[in-house]
Enquirer: 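The structure is given below, and queries will be raised subsequently.
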Amino acid sequence: MSARVLVGVKRVIDYAVKIRVKPDHTGVVTDGVKHSMNPFCEIAVEEAVKLKEKKLVKEVVAVSCGPQQAQGKEIDLQIISNKRMTVGFILQETIRTALAMGADRGIHVEVSGKDYETLGPLQVSKILAALAKKEEANLIILGKQAIDDDCNQTGQMTAALLDWPQGTFASEVTMDRDMLKVVREIDGGLETIKIKMPAVLTADLRLNTPRYATLPNIMKAKKKKITTVKPGDLGVDVSSRLEVLNVEEPPQRLAGVKVETVDDLVGKLKEAGKI
Amino acid sequence: MTSPLRGEVFRLYKNLLYLGREYPKGSTYFRERLKAAFMKNKDVTDPEKIKHLVDRGEFVIKELEAMYYLRKYRTLKKRYYEEEH
């Protein structure tokens, strides 16, 4: 009952948006593009909130790393005027969404400019590991991966840095005092493991059904506290060892052909060497 | 003149408006229909009837939330998991 859960949330380009590569192939276009919380992070938040509702944990803390862009005021206006929140949907809004879903408080790790562009799983896991120690967390729940870089590394790296056990790709979690029973999604089936807390969990798609952050709850979440820290305060170096050489669009899918008769179809298939 | 349910109706409208921002056919499409639906019942004064209509609005909220969830779930499933046979 005294456990504290740290949940990592990432702000990514919305899943429904068509991604465009920048003309200079250094990355993807993010300006003026709708962003939202990474869907796997939503699942992680939901799981943490559920544990709290079952009174198995005491506090849920949502953490996110990123720059401090616009001011809060702009966002308030945009909600009221029902304009699409594009520029205004800043990182704190992602934390706010987690708070609206039921997290107790938020931590915004301020990373901006060049550091933010190169921020990868290693840097984030260092930050999370440092925060877990500072906040005396017993459990870290993360999404298994983010839908923007698809790295699927942060949870594993965090567990390694803290030397904690990990339950990755969780599709079912049961907590019994300081033991966790985790059903994991693995190739061709499910695996059940038992690990001791403190531990790191990463959420798979079927773990739960995330609740919707409704407008009244978002308004209420404004009263919850978000503290801002810098990686330096945590003693974390966020410099990257990776260099992005080139970003390419996936190959275009070729248009199909319509055939009139079965014979045509057989002919075409023979032509393509399929039969 | 003002009904004690006025606040409740306002809240419902605001909540629906907020949900409409993610509507697949666009927020404008949603907003127009939302407004029309509310305007159609603007002359209703019977508290029982208003309550009934608000309940219907709450039901629509639940349906929208379920639809958004399913839409997201299906997209992710298609993107990240192989077809099941």
Side-chain angles (χ1 to χ4, degrees), chain A residues 12-19 34-43 46 75-76 78-86 88-89 93 97 100-101 143-148 150 152 169 171 185-189 203-220 250, chain B residues 4-39 51 53-85:
Chain A
V12 298
I13 295 179
D14 191 79
Y15 77 98
V17 171
K18 170 106 180 65
I19 308 289
K34 188 187 174 202
H35 283 65
S36 52
M37 192 197 290
N38 174 33
F40 290 108
C41 297
E42 283 180 354
I43 299 171
E46 175 68 30
I75 295 154
D76 292 356
Q78 281 183 335
I79 289 176
I80 293 159
S81 64
N82 191 39
K83 274 186 197 133
R84 281 188 63 174
M85 300 203 303
T86 45
F89 202 98
E93 207 57 28
T97 309
M101 288 173 75
K144 67 161 181 169
Q145 68 190 73
I147 61 165
D148 53 357
D150 284 332
N152 190 339
F169 311 103
S171 81
E185 294 205 17
I186 55 169
D187 281 349
D204 212 319
L205 188 59
R206 296 175 188 86
L207 182 58
N208 57 42
T209 311
R211 67 197 70 186
Y212 199 86
T214 57
L215 183 59
N217 284 345
I218 285 182
M219 290 306 180
K220 273 181 225 155
Chain B
L5 289 165
R6 191 181 151 88
E8 218 167 298
V9 175
F10 262 53
R11 211 170 306 133
L12 178 70
Y13 189 75
K14 263 190 175 175
N15 289 346
L16 278 162
L17 207 55
Y18 179 78
L19 272 166
R21 297 181 322 158
E22 266 189 63
Y23 199 70
K25 279 190 170 172
S27 59
T28 325
Y29 177 94
F30 184 89
R31 196 171 59 235
E32 279 164 9
R33 269 145 196 86
L34 176 67
K35 189 166 181 189
F38 271 72
M39 288 310 268
K51 265 187 199 145
L53 286 166
V54 169
D55 283 348
R56 210 178 80 191
E58 301 287 348
F59 173 74
V60 172
I61 288 182
K62 289 277 163 285
E63 290 283 291
L64 279 170
E65 284 176 5
M67 181 185 77
Y68 292 159
Y69 166 71
L70 263 176
R71 187 163 163 252
K72 196 181 282 183
Y73 178 85
R74 286 203 183 126
T75 315
L76 287 173
K77 196 161 175 265
K78 222 161 98 189
R79 261 182 224 172
Y80 290 105
Y81 300 84
E82 279 176 35
E83 287 287 329
E84 274 168 42
H85 302 291

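Labels below follow one simple rule: chain letters A, B, ... track the order of the sequence lines, proteins then strands, and each chain is numbered from 1.
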Enquirer: At their closest point, which heavy atom of A:T214 faces which heavy atom of B:Y18, and how far apart are they?
Expert: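 Between these two residues, the closest heavy atoms are C-CE2, 4.3 Å.
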
Enquirer: Within this structure, what is the OH-NZ distance for the pair A:Y212 and B:K62, rounded to the nearest 0.5 Å?
Expert: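 That separation rounds to 12.0 Å.
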
Enquirer: Is it the side chain or the backbone of A:D14 that comes within 4.5 Å of chain B heavy atoms, both, or neither?
Expert: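 Nothing of A:D14, per the 4.5 Å heavy-atom cut-off to chain B.
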
Enquirer: Can you tell me how far CG of B:L76 sits from CD1 of A:I43, rounded to the nearest 0.5 angstrom?
Expert: 7.0 Å

Enquirer: Grab the two heavy atoms, one from A:Y15 and one from B:R79, that are nearest each other, plus how far apart they are.
Expert: O-NH2, 2.7 Å

Enquirer: Quick one: sort the B:Y80 and A:F40 rings into parallel, tilted or perpendicular, breaks at 30° and 60°.
Expert: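 If you compare the ring of B:Y80 with that of A:F40, the planes turn out perpendicular.
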
Enquirer: Out of curiosity, A:T209 OG1 to B:E65 CD, how far, rounded to the nearest 0.5 Å?
Expert: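 So the gap between those two atoms works out to 12.0 Å.
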
Enquirer: Which region of B:Y73, side chain (C-beta onward) or backbone (N, CA, C, O), has a non-hydrogen atom less than 4.5 Å from a non-hydrogen atom of chain A, or is it both or neither?
Expert: both

Enquirer: Which heavy atom of A:N208 sits nearest to which heavy atom of B:Y69, and what is that distance?
Expert: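 Taking A:N208 first and B:Y69 second, the nearest heavy atoms are O-OH, 3.9 Å.
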
